[in-house]
Protein chains: 2
Amino acid sequence: MGHHALTKNQQLVLNCLKANECALTAYDILDMVREGGIRAPVQVYRALEFLVTTRVVHRIESMNAYVACAHEHGNEDTPHNNAVAFTICDDCGVVSEISVPAAERTIDELAEKSGFIPDRTVVELHGHCANCSGSMG
Amino acid sequence: MGHHALTKNQQLVLNCLKANECALTAYDILDMVREGGIRAPVQVYRALEFLVTTRVVHRIESMNAYVACAHEHGNEDTPHNNAVAFTICDDCGVVSEISVPAAERTIDELAEKSGFIPDRTVVELHGHCANCSGSMG
DNA sequence: GATAATTTTGTAATAATATAACATTATGAA
DNA sequence: TTCATAATGTTATATTATTACAAAATTATC
């Protein structure tokens, strides 16, 4: 195969995240994958490190937690570009990925004016989702 | 006085942060304020909670650490508005505050299109500062 | 294919970050 | 003063993350 398939542990962790709309902490995940054979935190953290590096999973910095990437990552890896933000509902916990390329470029350019070279940009919005705020029907 | 002055512990923690360009963790701070009489983590966390709530200090979510606000907070509290981003040099650790109101408004508006009501927006850029990247003289 | 070298996975322990529960002291109200 | 409230201090513990090393699997070399 062209690139590496996921190991059993990586697949277990990824499946667990895919099954949830909320961000899960490493220990949340651990609880859910014990029956799959994972026994220790470090096994979860190792899987997460790989999945985050390959952009199949995102870390939510403001929660110390993780979500599966909303994009398709089939046999061929097509990692989306960097300009991603997250909305986090502080009522129900649902995390959604939104794409904000223009705004992120604006921010990066502003930082670059002072000579800063951005590498990784974290954008996370806490608030209330449509369901919880009642702004829907 | 018009509003509350800081307590001794709050002042100790704030002074400690003001003396540093880098973000400090609660335990970094604890080490530095022991001689001032603070003995336990919870005392630092309580001071930080107050200082963050009153916007005199910012929490850097991607570092689990804290920096003093770059703006003046004299006798009269003049908390700046929300649209703040941070550049974080992963080489030297220096954290700088930059103002990105337009971009943040753009992001918030994009989120609002899906019915999300933003409350608090985290924007943190990791990378290399002018000094460390050699982009200065 | 056997064997050594390398990498991956597992186990145990512990470090780093954060909060809970409750005792004590200080402050303000009656 | 006396009681009520709030702030501070102490101890213990919960939560998040990593280190160190052992065992097993994989790969390279002979």
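We name chains A, B, ... by the order of the sequence lines, and we start the count at 1 in each one.
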Under 4.0 Å between a side-chain N/O of [X] and OP1 or OP2 of [N], yes or no?
X       : N      : answer
A:Asn64 : C:dT17 : no
B:Gln43 : D:dT8  : no
A:Asn9  : C:dT8  : no
B:Thr7  : D:dT8  : yes

Euclidean distance, atom [atom1] of residue [X] to atom [atom2] of [N] [Å, nearest integer]:
X       : N      : atom1 : atom2 : result
A:Tyr45 : C:dT11 : OH    : P     : 18 Å
B:Leu12 : D:dT8  : CG    : C1'   : 13 Å
A:Glu49 : D:dT19 : CD    : C1'   : 13 Å
B:Leu51 : D:dA7  : CG    : P     : 14 Å
A:Arg39 : D:dA22 : CZ    : C1'   : 15 Å
B:Asp31 : C:dA16 : CG    : P     : 10 Å
B:Leu48 : C:dT17 : CG    : P     : 13 Å
B:Arg34 : D:dT10 : CZ    : C1'   : 13 Å

What does B:Arg46 touch in the nucleic acid at a heavy-atom separation under 4.0 angstrom: a base, only the sugar-phosphate, or nothing?
-> base
Have a look at A:Ala26 and say if it touches a base, only the backbone sugar-phosphate, or nothing, with a 4.0 Å heavy-atom cut-off.
->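 Result for A:Ala26 = nothing.
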Counting only distance, no hydrogens or angles, is the base of C:dA15 paired donor-acceptor with the side chain of B:Tyr27 under 3.5 Å?
->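 Flag unset: no donor-acceptor pair detected.
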Heavy-atom nearest nucleotide on DNA chain D taken for B:Gly37 and for A:Thr25; more 5' hit belongs to B:Gly37
First encountered from the 5' end of DNA chain D, between A:Asp28 and B:Pro41 |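 The 5'-side residue here is B:Pro41.
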Going through the checks in order, is the side chain to side chain contact (heavy atoms under 4.5 Å, CB included) test met by A:Arg46 and A:Asn9?
-> CA-CA 9 Å; A:Arg46 285 202 279 234; A:Asn9 288 356; over 6 Å; no
Exam field: side chain A:Glu97 to backbone A:Val84, donor-acceptor pair closer than 3.5 Å |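 Such a contact is absent between A:Glu97 side chain and A:Val84 backbone.
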Check: A:Arg34 side chain, A:Arg39 main-chain N or O, donor-acceptor pair, under 3.5 Å | yes
Between A:Lys8 and B:Tyr66, who's closer to the 5' end of DNA chain C by nearest nucleotide?
-> A:Lys8
Does one hydrophobic cluster hold both B:Ile98 and A:Val100, with members joined at side-chain heavy-atom distances below 4.5 Å?
->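 B:Ile98 and A:Val100: one cluster.
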Kindly give the heavy-atom pair with the smallest separation between A:Gly36 and A:Leu12, and that separation in Å.
->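 Closest heavy-atom pair between A:Gly36 and A:Leu12: O-CD1, 3.6 Å.
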Closest to side chain of A:Val42, choosing from C:dA18, D:dG9, C:dT11 |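 The answer is C:dT11, which lies nearest to the side chain.
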